[in-house]
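Everything below concerns the one structure shown next.
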Amino acid sequence: MQKVRVRFAPSPTGPLHIGGARSVLFNYLYAKGHGGTLILRIEDTDLERSKREYEEGIKNSLRWLGLTWDEGIDVGGPYEPYRQTERLELYHQYAQKLIEAGHAYECFCTEEELEEQREICRQKGELPRYLNRCRNLSPAEKKKLAEDRKSVIRFLVPEGQVVEIDDVVRGQVRYETDGIGDFIIIKSDGIPTYNYAVVIDDAQMEVTHIIRGEEHLSNTPRQVLLYKALGIDPPVFAHVSLILGKDRSKMSKRHGDTSVDEYKKKGYLPEAINNFLALMGWSPEGEEEIFSMEQLISLFSLDRVAKNPAVFDLEKLNHINGYYIRNSSIEMITKMAVPYLQEAGYIKGNLTEADEKWLQGVISVARNYISYMAEIVDHVDVYFNDRFIITDDAALQALKGDQVPAVLDLLQQKLNNELQLTPDRVKELLKEVAAELSLGGKKVFLPIRAALTGAARGPELHDLIPLLGAERVAARIKHSLGQI
RNA sequence: GGCCCGUUGGUCAAGCGGUUAAGACACCGGCCUUUCACGCCGGUAACAGGGGUUCGAAUCCCCUACGGGUCACCA
């Protein structure tokens with residue numbers, strides 16, 4: 001059995017897209033699960049749109065997701081270089097071979113002439129395409145044309161043939177070559193086109209499995225034709241269906257956040273994103289859906305990849321992310337929260353060890369309320385802000401009860417007598433207050449909550465009070481009572 | 001438009017000729033909690049339509065409809 005070699009080959013024309021992330025994930029899982037190699041190759045042959053900063057961005061997103069590559073850009077390997085614009089010579093060598101073998105030829109048609117040909121097609125009611133004008137130019141004609149015209153190299157598509165693709169996820173797919181025009185493999189500026197460069201690279205880098213998005217399925221016959229002309233066996237293809245937006249069209253900006261980086265900024269966990277993405281287009285055998293990367297690696301297989309496209313469901317991502325936020329170590333989640341709290345002005349400067357410990361207490365309660373880290377700032381005011389203004393009507397009313405002064409007094413007394421306030425201990429104290437005053441819960445808990453937070457809803461009092469301490473409790477009670 | 005791929009609850013999906021058609025998210029109800037959230041338990045909800053094949057079709061075949069992809073000197 002041949003050693004598995006897969007690749008992710010993005011064009012650096014934008015940040016890493018959620019769909020692209022799913023593609024790398026599948027390649028990564030397949031490689032790791034088979035002791036194989038994942039290659040990262042940069043397809044930057046679109047000189048207009050490719051930018052180094054995008055390449056950096058994509059690499060950063062990949063590293064953040066933990067989808068590391070074994071070979072390719074930055075890490076090197078036996079088939080360097082891994083950036084297509086640095087591999088031009090290779091493409092020209094093979095193009096020359098294809099020409100010599102009669103599989104490719106130079107074409108001198110100008111833009112105007114191509115437009116004429118398209119017009120002819122349109123008038124005949126056919127689809128506009130290239131009419132193979134330059135297929136059989138004589139050496140003399142070529143020489144003459146070459147004097148004042150640039151040329152491209154076209155692949156000569158054989159007529160009347162059928163190309164069969166055995167796709168691991170889609171089964172056997174057939175295409176007739178007559179529907180494919182002679183396509184350009186080297187542009188007039190000497191840069192190869194995608195369909196050509198991808199084949200040369202995958203062949204030369206000995207890629208064994210191509211796992212990519214379904215949008216490439218229609219391109220595959222061209223690539224297979226190229227493999228044949230080169231005398232190389234094509235790799236195994238696995239075309240994974242697309243990720244769609246809510247309206248079932250290809251996911252784009254208007255569907256919300258589409259780049260991995262945006263999710264990172266909002267405070268999603270890479271583990272959660274990988275877990276979620278793995279579930280888009282692939283399904284495990286059992287009923288469990290939460291998986292660590294190790295589990296995904298051992299579970300993933302191409303024959304459980306679905307044929308139908310999947311609509312991106314942000315609610316489910318949020319659910320999975322929320323699960324990870326609640327179940328990851330509190331130290332890590334707290335560290336993650338700090339930047340958001342700083343930005344919102346809740347914390348400034350460096351944290352002492354005691355601050356950090358206290359913050360962990362806050363976060364361990366507040367994390368029950370959020371789906372992604374940026375939301376944390378909406379749930380921590382109650383721990384930081386002692387000078388709240390009571391606007392909640394229910395809270396205001398609750399503080400006006402006759403029993404309120406006695407309740408609050410007794411609570412403070414009890415808190416002051418404790419050396420160490422723990423949630424369990426506070427729970428007991430609250431019960432004692434109710435019992436000793438012979439009052440129902442509503443007359444005790446609601447006023448206390450109102451006095452301490454200014455609101456009728458919020459975290460458990462036994463979680464809140466230990467985090468505030470007796471002094472701040474006293475201060476808040478005073479502050480609140482002053483407002484009625 | 002040609003070619004290609006697809007169509008199971010609102011969404012992700014299991015199913016690969018015989019099932020009470022899983023599970024997850026969302027939604028609804030209950031429990032826990034004298035609040036909210038978390039958590040736990042339960043519920044509503046689906047085989048696009050029409051023809052075949054078969055004793056029997058969500059599963060196999062054909063047609064229709066719908067959705068998507070692709071047909072560039074973009075990738």
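Owing to the predicted nature of the structure, the values given are computational and were not obtained by experimental measurement. Chain letters run A, B, ... following the sequence lines, proteins first and then strands; every chain starts at 1.
Residue pairs satisfying the salt bridge (Lys or Arg N to Asp or Glu O under 4.0 Å) criterion with at least one member in residues 371-382 of chain A, sequence neighbours excluded, are absent.
Salt bridge annotation for Glu176(A)-Arg174(A): absent, with no cationic side-chain nitrogen under 4.0 angstrom from a carboxylate oxygen. Using a 4.0 Å cut-off between a side-chain N of Lys or Arg and a carboxylate O of Asp or Glu, Asp201(A) and Arg7(A) do not qualify as a salt bridge. The pair Lys414(A)-Glu432(A) meets the salt-bridge criterion, with a side-chain N (NZ, NE, NH1 or NH2) lying under 4.0 Å from an Asp/Glu carboxylate O.
Using C1' as the reference atom, U59(B) and U7(B) are 14 Å apart when rounded to the nearest Å. Separating the P atom of A48(B) from that of C27(B) is a span of 26 Å, rounded to the nearest Å. Rounded to the nearest Å, the gap between the C1' atom of G29(B) and that of A45(B) is 15 Å. Annotation: C36(B) and G43(B) have their C1' atoms spaced 23 Å apart (nearest Å). Look at the C1' atom in both C60(B) and A72(B): the space between them is 40 Å, to the nearest Å. Taking the C1' atoms as reference points, C32(B) lies 13 Å from A37(B), given to the whole Å. Across U19(B) and A14(B), the matching C1' atoms stand 12 Å from one another, rounded to whole Å. Look at the C1' atom in both C74(B) and C16(B): the space between them is 39 Å, to the nearest Å.
Cys107(A) comes within 4.0 angstrom of no nucleic acid atom, judged by non-hydrogen atoms across all strands. Nucleic acid contact class of Asn219(A) (heavy atoms, under 4.0 Å, all strands): base. Across all strands, Ser188(A) comes closer than 4.0 Å to base atoms (heavy-atom distances). Among the atoms of the strands shown, base atoms are found under 4.0 Å from some heavy atom of Val152(A). Residue Gly322(A) is classed as having no contact, given no heavy-atom separation below 4.0 Å to the nucleic acid.
In this entry the distance linking CZ of Phe8(A) with P of A75(B) reads 16 Å, nearest Å. Distance, Tyr194(A) OH to C71(B) C1': 15 Å, rounded to whole Å. In this entry the distance linking CG of Leu461(A) with P of U34(B) reads 10 Å, nearest Å. Atom CZ in Arg222(A) sits roughly 6 Å away from atom C1' in C71(B) (whole-Å rounding). Protein atom CZ of Phe312(A) is 12 Å distant from nucleotide atom P of C12(B), rounded to whole Å. Arg49(A) places its CZ atom 7 Å from the C1' atom of A75(B), with the value rounded to the nearest Å. Straight-line distance from the NZ atom of Lys187(A) to the P atom of A72(B): 14 Å, rounded to whole Å. One can place CD of Glu106(A) at 17 Å from P of C73(B), the figure rounded to the nearest angstrom.
Side-chain contact between Tyr194(A) and Ser11(A) is absent, with no heavy atoms from C-beta onward closer than 4.5 Å. Looking only at side-chain heavy atoms (C-beta outward), Thr453(A) and Phe388(A) stay at 4.5 Å or farther from each other. With contacts defined as side-chain heavy-atom distances shorter than 4.5 Å, the pair Pro221(A)/Ile165(A) qualifies. Taking 4.5 Å as the limit, some side-chain heavy atom of Glu55(A) sits within range of a side-chain heavy atom of Arg83(A). Between Ile210(A) and Thr220(A), the closest side-chain pair of non-hydrogen atoms is not below 4.5 Å.
Because its NZ or CZ atom is not both nearer than 6.0 Å to the ring centre of Phe155(A) and within 45° of the ring axis, Arg222(A) does not count as a cation-pi partner of that residue.
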Contact list (N/O, under 3.5 angstrom) for nucleotides 36-41 of chain B vs protein:
residue, atom, partner, partner atom, Å
C36(B), O2, Tyr369(A), OH, 2.4
C36(B), O2, Gly458(A), O, 3.4
C36(B), N3, Tyr369(A), OH, 2.8
C36(B), N3, Gly458(A), O, 3.4
C36(B), N4, Glu460(A), OE2, 3.2
A37(B), O2', Asn368(A), O, 2.4

Are any protein N/O atoms closer than 3.5 Å to N/O atoms in nucleotides 64-69 of chain B? If there are, list each pair with its distance.
residue, atom, partner, partner atom, Å
G69(B), N2, Ser218(A), OG, 3.3

Quick test: give all pairs of protein nitrogen or oxygen and nucleotides 45-47 of chain B nitrogen or oxygen below 3.5 Å, distance rounded to 0.1 Å.
none

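The ring of Tyr30(A) has its center closer than 6.0 angstrom to the ring center of His209(A). A distance below 6.0 Å separates the ring centres of Phe300(A) and Trp282(A).
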- Would you sketch RNA chain B in dot-bracket for me? Only Watson-Crick or G-U wobble pairs with both distances under 3.5 Å count, crossing pairs as [ ], other-strand pairs as |, the rest as dots. ((((((((.[[[..)..(....]]].(((((.......)))))....[[[[[..)....]]]]])))))))....
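For the pair Arg118(A) and Leu279(A), both in contact range of RNA chain B, the more 5′-proximal nearest nucleotide belongs to Leu279(A). Where Ala456(A) and Leu317(A) each meet RNA chain B at their nearest nucleotide, the meeting point lying more 5' is that of Leu317(A).
Applying the 6.0 Å contact sphere to CG of Leu47(A) captures more than 12 heavy atoms from other residues, nucleotides or ligands. At most 12 heavy atoms of other shown residues, nucleotides or ligands fall within 6.0 angstrom of atom NZ in Lys443(A). In the displayed structure, Phe291(A) atom CZ is contacted under 6.0 Å by more than 12 heavy atoms of other residues, nucleotides or ligands.
Distances from the side chain of Thr45(A) to the nucleotides C12(B), A75(B), C73(B) place A75(B) closest. For Glu315(A), counting side-chain heavy atoms from C-beta on, the closest listed nucleotide (C5(B), A22(B), C25(B)) is C25(B).
Aromatic ring pairs are classed by plane angle as parallel below 30°, tilted from 30° to 60° and perpendicular above 60°; the pair Phe237(A) and Tyr227(A) is perpendicular.
Asp424(A) and Thr422(A) share no donor-acceptor pair across their side chains, judged by distance under 3.5 Å alone.
Test Tyr268(A), Tyr372(A), Phe276(A) against Tyr263(A) for ring pair (Phe, Tyr, Trp, His ring centres under 6.0 Å) and you get one pass: Tyr268(A). Each of Thr258(A), Ile18(A), Asp257(A) was evaluated against Phe312(A); a single residue qualifies, Ile18(A), per the side chain to side chain contact (heavy atoms under 4.5 Å, CB included) test.
One finds a side-chain N or O of Ser283(A) lying less than 4.0 angstrom from the OP1 or OP2 phosphate oxygen of A14(B).
Taking every heavy atom of residues 301-308 of chain A and every atom of RNA chain B, pairs under 4.0 Å involve Arg304(A), Lys307(A), Asn308(A), by number.
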